[in-house]
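Chain letters run A, B, ... following the sequence lines, proteins first and then strands; every chain starts at 1.
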2 protein chains.
Amino acid sequence: MIGQRVTRQRTAIGALLDGLGDFRSAQQIHTLLAERGEDIGLATVYRTLGAMATAGEVDSLRTGTGESLFRRCARPSTHHHHLVCRSCGRTVEVQGPNLESLVRSIAAEHGFTDVEHTLEFFGTCQSCASAR
Amino acid sequence: MIGQRVTRQRTAIGALLDGLGDFRSAQQIHTLLAERGEDIGLATVYRTLGAMATAGEVDSLRTGTGESLFRRCARPSTHHHHLVCRSCGRTVEVQGPNLESLVRSIAAEHGFTDVEHTLEFFGTCQSCASAR
DNA sequence: TTGCAAATGAGAACTACTCTCTATAGCGAC
DNA sequence: GTCGCTATAGAGAGTAGTTCTCATTTGCAA
């Protein structure tokens, strides 16, 4: 997993993420764990999710309101983007345009290095739209 | 400008943004105003920038750390993206790929509506790279 | 079984932002 | 010019989300 030790907390967080298809906030994950009877500190949830995101084991993104969302992705290593429902978090992986060459050319053109990009799509999914 | 009244505060914020090419946070703008002798409340800076962003008078984006940055753009109405230096905020407007048709097709494919997208580039500019 | 560093948890702290409420001040009418 | 209405401003409290601190616990190699 992340560090060197396998703990009850990390195992529980990993297991929860495996059974969860959609993006969830750290707070939601904390609540879901509590509902499963896993009493894990919020700080530990944040720490673990952060470490997993750094290790590339989960994908993370930020909503327009500044909240971080996490999700275990089917294809963690390959580059992809997400279409996320802004009300329920339902997530679809989408194959974005290939931006690698664009990134390289704009970086070179303007003398920038270490250029990263963020591309995410937010919308309202069918069931949330009809629920309204 | 935004609402109906022209106030000292709004004029000062507008003038500052005009002389500023790069993305700045609300807090930085507040500090810059104070350095110019404009004693304007932080809440007013936030309110004004928020209103300007809603009105399309300034562009806003969020950094990876969840901070909102603001900038008066050369082409406010036309759709464009930004390459932003993560240490000094230096900004270049870039012509991104045309995502409109992609957005429409993925929205239709997955039954999503009101789909928006965010695409920003963050890097290190030449002077910040050599300063290190 | 022991020792020790990694990991946890509770709660304080922090950051960025928003709200509340009273005072101030644009600006159209006179 | 001045009056009056009400949009706007400012101070400071409040909020949400996240991170830090530090004492305690625990995984795991020896």
Legend entry - Any B/Arg10 side-chain nitrogen or oxygen under 4.0 Å from OP1 or OP2 of D/dA9: yes
Inset, instruction - Send over the distance from B/Leu33 CG to D/dA9 P, rounded to a whole Å. - result: 12 Å
Legend entry - Closest listed nucleotide, where the reference is the side chain of B/Gln4 and the choices are C/dT18, D/dG17, D/dA7: D/dA7
Inset, instruction - Give, ordered by number, those residues of residues 35-43 of chain A having at least one heavy-atom distance below 4.0 Å to an atom of DNA chain C; if nothing qualifies, reply none. - result: A/Asp39, A/Ile40, A/Gly41, A/Ala43
Inset, instruction - May I have the distance from B/His30 (atom NE2) to C/dA16 (atom P), rounded to whole angstrom? - result: 14 Å
Inset, instruction - Using the ring pair (Phe, Tyr, Trp, His ring centres under 6.0 Å) rule, pick out the option among B/Phe122, B/Phe23, B/Phe70 that qualifies with B/His82. - result: B/Phe23
Inset, instruction - Send over the distance from A/Arg47 CZ to C/dA6 P, rounded to a whole Å. - result: 14 Å
Inset, instruction - Could you tell me whether the phosphate oxygens of C/dC17, OP1 or OP2, come under 4.0 Å of any side-chain nitrogen or oxygen in B/Tyr46? - result: yes
Legend entry - Spacing between B/Arg24 atom CZ and C/dA16 atom P, to the nearest angstrom: 15 Å
Legend entry - Distance below 4.0 Å between B/Gln9 side-chain N/O and C/dT24 OP1 or OP2: no
Inset, instruction - In whole angstrom, give the distance that lies between atom CZ of A/Arg62 and atom C1' of C/dC17. - result: 13 Å
Inset, instruction - Would you please confirm or rule out a distance under 4.0 Å between OP1 or OP2 of C/dG9 and any side-chain N or O of A/Arg8? - result: yes
Legend entry - Donor-acceptor contact present, side-chain B/His30 to main-chain B/Ile40, <3.5 Å: yes
Legend entry - NZ/NE/NH1/NH2 to OD/OE distance under 4.0 Å, B/Arg8 and B/Glu38: yes
Legend entry - Heavy atoms from other residues, nucleotides or ligands near CG of A/Asp18 exceed 12 (cutoff 6.0 Å): yes
Legend entry - Below 4.0 Å: OP1/OP2 of D/dT18 and any side-chain N or O of A/Ser68: yes
Legend entry - Gap between atoms CG and C1', on A/Leu49 and D/dG17 respectively (whole Å): 13 Å
Inset, instruction - Please report the shortest heavy-atom distance between A/Cys125 and A/Cys85, naming the atom on each side. - result: N-SG, 3.4 Å
Taking only N/O atoms, report every protein-nucleotides 24-26 of chain D pair under 3.5 Å with atom names and distance.
none

Inset, instruction - Not counting sequence neighbours, which residues clear side chain to side chain donor-acceptor pair (under 3.5 Å) with B/His117? List them please. - result: B/His79
